[in-house]
Student: 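One structure is given below, represented as structure tokens, and several questions about it will come after.
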Amino acid sequence: MSLPTGKAFTALIGVGVLAAYGSIYTLVIEPQERERLASETLLAADSDSTESVIDLRGDWEIASGSQISYRLRHHIPNITVPMESVGKTQAVEGEMTVEYQRGNYVISDLSVEVDMTKVVDDAGTQGLALYSQSLEPDRYPSATFSGDTPIIVPRPQVGSDTVAFYFEGALTAHGITRQVSIPVQARLSDRQIEAEGSLLFPMADFGITPPTSSDEISAEPNGTLEFRLLLEKAG
């Protein structure tokens, strides 16, 4: 998945889940002033913009437009190339807190909840039947992720508009909880944090039996979990 290209910003200060469209902050200022700005803001507006400086500290909530999806490959008799089903839902809720500690942005209290009963298949055909058989959304209607340690967000690379880090915590699906480490890329766009990532999902680790069907359609044992989260400042 790729995030859309956006308007370049002129400043980006070492960040949390967060990055901005644009170039690295290069203003020449006194060290004391530099530290004050770094402790309060992520980015400043373009010289031709009236948008105010954004303070990232505080509580953030998952906003409309966020999406969780899965990819599941299955095999059909007499067809050599595996088929792929893609299920997705925008029934996603969650929150996190961003703080500034000792020169770094830190994410804490990260939580995500997905309504598994509202996952739909792109094609609305065999893939959805396989999904329902294996993940049992009626029995396990939600999946959750909870970050169990603070996430220190690295400073972005020069010339990059994203930062890369990991969501580490407890993923609960199909009634079973496992510790996972999910690679994430994030940036700041239109006053929203955009975070996306993916995770190989071994179904057996969560007690999920790879689905089969009467006409010998069978799924591969590993699926892929993908997400694109949009977060907005709470309140």
Side-chain angles (χ1 to χ4, degrees), residues 1-3 17 60-75 82-97 107-151 164-186 193-213 217-231:
M1 296 182 294
S2 61
L3 297 175
V17 57
W60 292 76
E61 296 176 338
I62 292 178
S64 174
S66 298
Q67 181 171 283
I68 304 290
S69 62
Y70 74 90
R71 294 182 181 274
L72 180 66
R73 300 176 72 186
H74 54 274
H75 299 266
M83 306 296 288
E84 185 175 72
S85 296
V86 180
K88 59 180 62 175
T89 181
Q90 293 189 354
V92 186
E93 298 180 346
E95 59 189 7
M96 69 178 186
T97 298
I107 301 169
S108 61
D109 299 325
L110 172 64
S111 65
V112 181
E113 182 172 2
V114 183
D115 186 344
M116 300 298 290
T117 67
K118 295 184 179 178
V119 174
V120 295
D121 190 279
D122 270 354
T125 55
Q126 185 64 49
L128 184 58
L130 289 172
Y131 152 77
S132 297
Q133 178 186 357
S134 60
L135 298 187
E136 303 177 279
D138 291 339
R139 185 177 179 187
Y140 304 102
S142 67
T144 62
F145 175 84
S146 178
D148 49 19
T149 59
I151 302 168
F165 52 95
Y166 288 85
F167 283 164
E168 297 189 358
L171 175 64
T172 300
H174 202 248
I176 294 178
T177 301
R178 300 292 187 200
Q179 292 297 120
V180 297
S181 182
I182 309 174
V184 178
Q185 288 193 331
I193 295 168
E194 298 183 25
E196 63 174 17
S198 64
L199 175 70
L200 184 67
F201 189 87
M203 288 187 280
D205 287 359
F206 292 86
I208 301 169
T209 302
T212 59
S213 68
I217 295 176
S218 61
E220 294 186 357
N222 297 327
T224 301
L225 172 68
E226 300 176 336
F227 62 87
R228 177 175 180 262
L229 301 179
L230 304 178
L231 296 108

Student: Taking the side chain as every heavy atom from C-beta outward, state whether Pro141 and Met116 have any atom pair closer than 4.5 Å.
Tutor: no
Student: Do any N or O atoms from the side chain of Ser142 and from the backbone of Val114 form a donor-acceptor pair under 3.5 angstrom?
Tutor: no
Student: To the nearest 0.5 Å, what is the distance between CD1 (Ile193) and CG (Leu231)?
Tutor: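 Result: 5.5 Å between the selected atoms.
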Student: Below 4.5 Å, heavy atoms only, C-beta onward: do Thr224 and Leu199 meet side chain to side chain?
Tutor: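 No - every pair of side-chain heavy atoms lies 4.5 Å or more apart.
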Student: Roughly how far, to the nearest 0.5 Å, is the CD1 atom of Ile68 from the CD atom of Glu226?
Tutor: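 Result: 10.0 Å between the selected atoms.
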Student: Is Val112 close to Ile62 at the side-chain level, that is, under 4.5 Å between some pair of heavy atoms?
Tutor: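 Counting from C-beta outward, Ile62 and Val112 do come under 4.5 Å.
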Student: Start with the C-alpha distance between Val180 and Phe167, add both sets of side-chain angles, then the distance that settles side chain to side chain contact (heavy atoms under 4.5 Å, CB included), and finish with yes or no.
Tutor: CA-CA 8 Å; Val180 297; Phe167 283 164; over 6 Å; no
Student: If you draw a 6.0 Å radius around CD in Glu93, do more than 12 non-hydrogen atoms from other residues or ligands fall strictly inside?
Tutor: no
Student: Does the salt bridge (Lys or Arg N to Asp or Glu O under 4.0 Å) test come out yes or no for Arg71 and Glu84, once each step is laid out?
Tutor: CA-CA 7 Å; Arg71 294 182 181 274; Glu84 185 175 72; 3.0 Å; yes
Student: Quick one: do Phe145 and Leu110 satisfy side chain to side chain contact (heavy atoms under 4.5 Å, CB included)? Show the steps, please.
Tutor: CA-CA 8 Å; Phe145 175 84; Leu110 172 64; 3.8 Å; yes
Student: Closest approach of Met203 and Leu72, non-hydrogen atoms and distance?
Tutor: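 Heavy atoms of Met203 and Leu72 come nearest at CE-CD1, 3.8 Å.
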Student: Is the His174 to Tyr140 ring centre distance short of 6.0 Å?
Tutor: yes
Student: Looking at Phe227 and Ser198, what are the two nearest heavy atoms and their distance?
Tutor: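 It is CE2-N, 4.2 Å.
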Student: Say whether, by atom type as modelled, one donor and one acceptor occur between the side chain of Arg178 and the main chain of Asp205 under 3.5 angstrom.
Tutor: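 Checking the backbone N and O of Asp205 against the side chain of Arg178, a donor-acceptor pair under 3.5 Å is found.
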